[in-house]
Amino acid sequence: MLDRERSETALSGLIRKRARLIAAAGGLNRALENGSLPAILEVSLSEALVLGLLKQGVRKYFAIFGHGSTDLGEAMRVYEEEGLIRAINCRNEVEMAHAATALAWAFGETPAVVTSIGPGALQAMAGSLAAASNGVGVYHIYGDETTRGEGYNMQQIPKREQGLFGRMTALMGQSYVLHTPGALRDALRRGTACVHHPYKAGPFYLLLPLNTQPEITEVNLATLPERQRIPAMMPAGGEALDEAVSLITNYDRIAIKAGGGARGADASVRELAERIGAAVVLSPGSTGVLPDAHPQNMHVGGSKGSISGNYAMENAELLIAIGTRGVCQADCSGVGYPQAKAVININGDLADLMHYANTVALPGDIPAVIGRLAQRAGRSNAFDPARKAAWLSACAEKKQAWQAFKAARFNAAPLHDESWGKPVLGQPTAIKIVADFAKAIDAAKFFDAGDVQANGFQIVEDDRTGDTYTESGASYMGFAASALLASAAADTPRYGIAFSGDGSFMMNPQILIDGVEHGARGMIVLFDNRRMAAIAGLQMAQYQAAFRTGDSVAVDYVQLASAVRGVKAVWGGTTAGELREALNAARAHDGLSLVHVPVYAGDNPLGGMGAYGAWNVGNWVEDVQARYLRQSI
Ligand SMILES: Cc1ncc(C[n+]2csc(CCOP(=O)(O)OP(=O)(O)O)c2C)c(N)n1
Ligand SMILES: [Mg+2]
């Protein structure tokens with residue numbers, strides 16, 4: 001430490017002095033309260049930003065530095081050495097954007113992603129689509145061209161135009177170019193409003209020009225914004241609630257669609273469903289909101305869906321949409337409710353609230369609104385669930401059919417596969433075994449894109465929110481394995497299992513190195529069907545021919561992963577028993593492990609979970625759009 005301090009510049013020494021004061025006081029706010037740190041400081045913009053983020057509780061940074069972020073990096077170095085922040089250096093910006101998204105999503109911590117200017121920033125921004133699509137708040141801090149415009153900066157967008165990175169990132173989320181260090185307070189106020197938004201959080205991009213980072217500025221720490229906290233909101237008057245109560249009274253066939261926004265509102269959704277006798281249909285991202293075995297849980301519905309989930313959607317007269325934004329996957333591209341005549345929509349976001357026609361809008365926080373609705377209905381028999389008995393028993397029959405359908409796949413013997421030249425497990429069988437294993441060891445499940453994801457949300461049998469993270473908003477190949485890095489950063493880590501296809505894994509294999517370096521504890525289960533089967537399947541279903549969705553190169557992923565010291569890699573075998581043994585062997589390693597499981601690809605129906613709904617893609621477009629026109633909602 002002393003050697004390092006001797007070689008430090010005077011400026012870095014001053015940074016260290018402040019960082020020490022904060023650490024000694026036990027945090028920034030305490031240092032301000034006890035007066036050891038004056039509120040008004042003269043610091044560089046870089047240090048001011050680290051301080052401002054600290055005030056919002058941002059302590060974890062996923063970083064790949066470049067000439068666009070060295071000054072910020074120097075402030076971070078000193079703050080990390082004094083124990084105030086943690087920087088996690090990564091090998092790929094898409095990977096680290098995913099890891100940051102997972103840290104915010106699964107662990108509730110707000111991290112920051114730090115890149116250089118240009119290619120690094122663009123890669124991180126691509127990765128941030130996952131945060132944007134799933135409503136997850138993450139700070140993205142990118143180096144940016146100088147504000148003086150003395151000439152082209154290397155890696156800027158080569159046009160004689162101002163602020164292009166800021167404009168680009170503003171299209172993806174919200175963005176602020178720190179053109180002037182004095183603008184930091186405004187930037188961070190907008191930042192917390194975005195990343196800590198109560199129901200529609202997303203990525204916030206801070207663009208840090210090369211020349212403003214080291215600029216010395218005065219900052220008042222007392223007025224830099226804290227993490228935004230907004231009290232729960234709900235409708236004030238009684239009119240809309242009365243309309244909702246009368247709709248519930250008038251219709252017998254009611255489906256609740258619990259979207260990703262319903263995550264965490266488990267008790268309220270259950271209470272409402274039981275009180276009014278509604279069938280509950282889940283979205284890919286909301287499995288677990290109602291326990292799997294609950295008789296009113298119809299499982300997922302949508303373009304992939306399930307026998308029971310899609311039955312409830314197709315036959316409901318009244319839709320109660322809760323925390324859903326009507327993504328094509330979840331509502332069959334707008335044709336999921338052909339018999340619905342009205343909608344009660346519960347959503348904090350006003351635009352999503354009015355997504356469907358013939359809607360009674362109940363804006364606000366989901367538990368608060370549901371509580372108010374129940375209160376408004378009082379003790380009247382308006383919600384008499386006995387009236388919905390016929391509807392619920394028809395739904396229960398379909399749930400049984402779905403369970404039988406699933407069991408046939410879960411118990412299927414290995415299927416002969418052409419690429420593997422031998423019988424291997426069907427993907428549904430293998431996913432079920434791993435999902436059950438995850439439940440047994442209380443691991444969080446992270447799902448990648450492709451058939452792995454679609455089969456996965458059809459298969460998982462969760463009993464609460466928070467056991468599955470399926471990045472169904474963007475379906476970004478490479479998310480799941482990268483997400484394991486979040487467990488290395490979290491204050492309260494949880495063992496994670498990434499369910500990845502061979503295609504998805506090779507998008508972001510960097511986790512093998514970064515996971516070991518930063519101490520990730522988790523397992524990648526790689527379901528290898530030697531192709532991008534989800535797309536091959538779509539091509540076959542639409543045009544009866546697969547095209548360039550596979551290659552001929554066999555990869556020994558056990559050997560590949562074993563090349564990284566610290567990773568334990570295991571062959572998953574070709575039978576259920578071998579796979580279970582492999583999972584145990586992988587779990588016995590206290591660190592990052594990988595299980596390579598060969599899985600079947602082909603048209604044997606036991607090798608897939610089927611699709612039950614419509615989708616406005618390919619040559620289905622004409623049909624779906626014709627049906628869309630005829631919807632009442
Ligand atoms: C980064 C990215 N590129 C392309 C796609 C389009 N896409 C969705 S699924 C998929 C194939 C996934 O293949 P794999 O991971 O092997 O899973 P499988 O379907 O074979 O089980 C592709 C190309 C995507 N979602 N993300
Ligand atoms: Mg594959």
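Numbering of ligands and ligand atoms starts at 1, following listing order. Just so it is clear, the values below take in all heavy atoms, side chains as well, and ignore hydrogens, waters and symmetry mates.
- Protein contacts to the Mg ion (ligand 2) involving N, O or S atoms at a distance below 2.8 Å are D502 OD1, N529 OD1, R531 O.
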Mind listing the N or O contacts between ligand 1 and protein, cut-off under 3.5 Å?
unit_1	atom_1	unit_2	atom_2	d
ligand 1	15 (O)	S504	N	2.8
ligand 1	15 (O)	S504	OG	2.7
ligand 1	16 (O)	D502	N	3.4
ligand 1	16 (O)	D502	OD1	2.9
ligand 1	16 (O)	G503	N	2.8
ligand 1	16 (O)	R531	O	3.1
ligand 1	19 (O)	D451	N	2.8
ligand 1	19 (O)	A533	N	3.4
ligand 1	19 (O)	A534	N	2.8
ligand 1	20 (O)	N529	OD1	3.1
ligand 1	20 (O)	N529	ND2	3.0
ligand 1	20 (O)	R531	O	2.9
ligand 1	20 (O)	A533	N	2.8
ligand 1	21 (O)	Q427	NE2	3.1
ligand 1	21 (O)	V452	N	3.4
ligand 1	25 (N)	S475	O	2.6
ligand 1	26 (N)	M477	N	3.3

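- Ring-plane geometry between Y476 and H98 is classed as perpendicular, the angle between the planes exceeding 60 degrees on a 0 to 90 degree scale with a lower cut at 30.
- Annotation: side chain of W420 is in contact with side chain of R530 (closest heavy-atom distance under 4.5 Å).
- For the residue pair S306 / Q458, no side-chain donor-acceptor distance below 3.5 Å is found, with atom types taken as modelled.
- Remark: of the listed residues H299, K432, K439, Q403, K432 is the sole one forming a side chain to side chain donor-acceptor pair (under 3.5 Å) with E461.
- Among residues at least two apart or in separate chains, side-chain hydrogen bond (donor to acceptor under 3.5 Å, both in side chains) pairs with a member in residues 511-527 are N89-H518, R521-D590.
- Residues satisfying the side chain to side chain contact (heavy atoms under 4.5 Å, CB included) criterion with E578, sequence neighbours excluded, are T574, T575.
- Proximity of a side-chain donor or acceptor of S308 to a complementary backbone N or O of M298 within less than 3.5 Å is detected.
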* What's the verdict on side-chain hydrogen bond (donor to acceptor under 3.5 Å, both in side chains) for Q427 and D451, showing C-alpha distance, side-chain angles and the deciding distance? -> CA-CA 8 Å; Q427 202 185 81; D451 275 351; 5.3 Å; no

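- With hydrogens and angles disregarded, a donor-acceptor distance shorter than 3.5 Å links the side chain of R494 to the backbone of D442.
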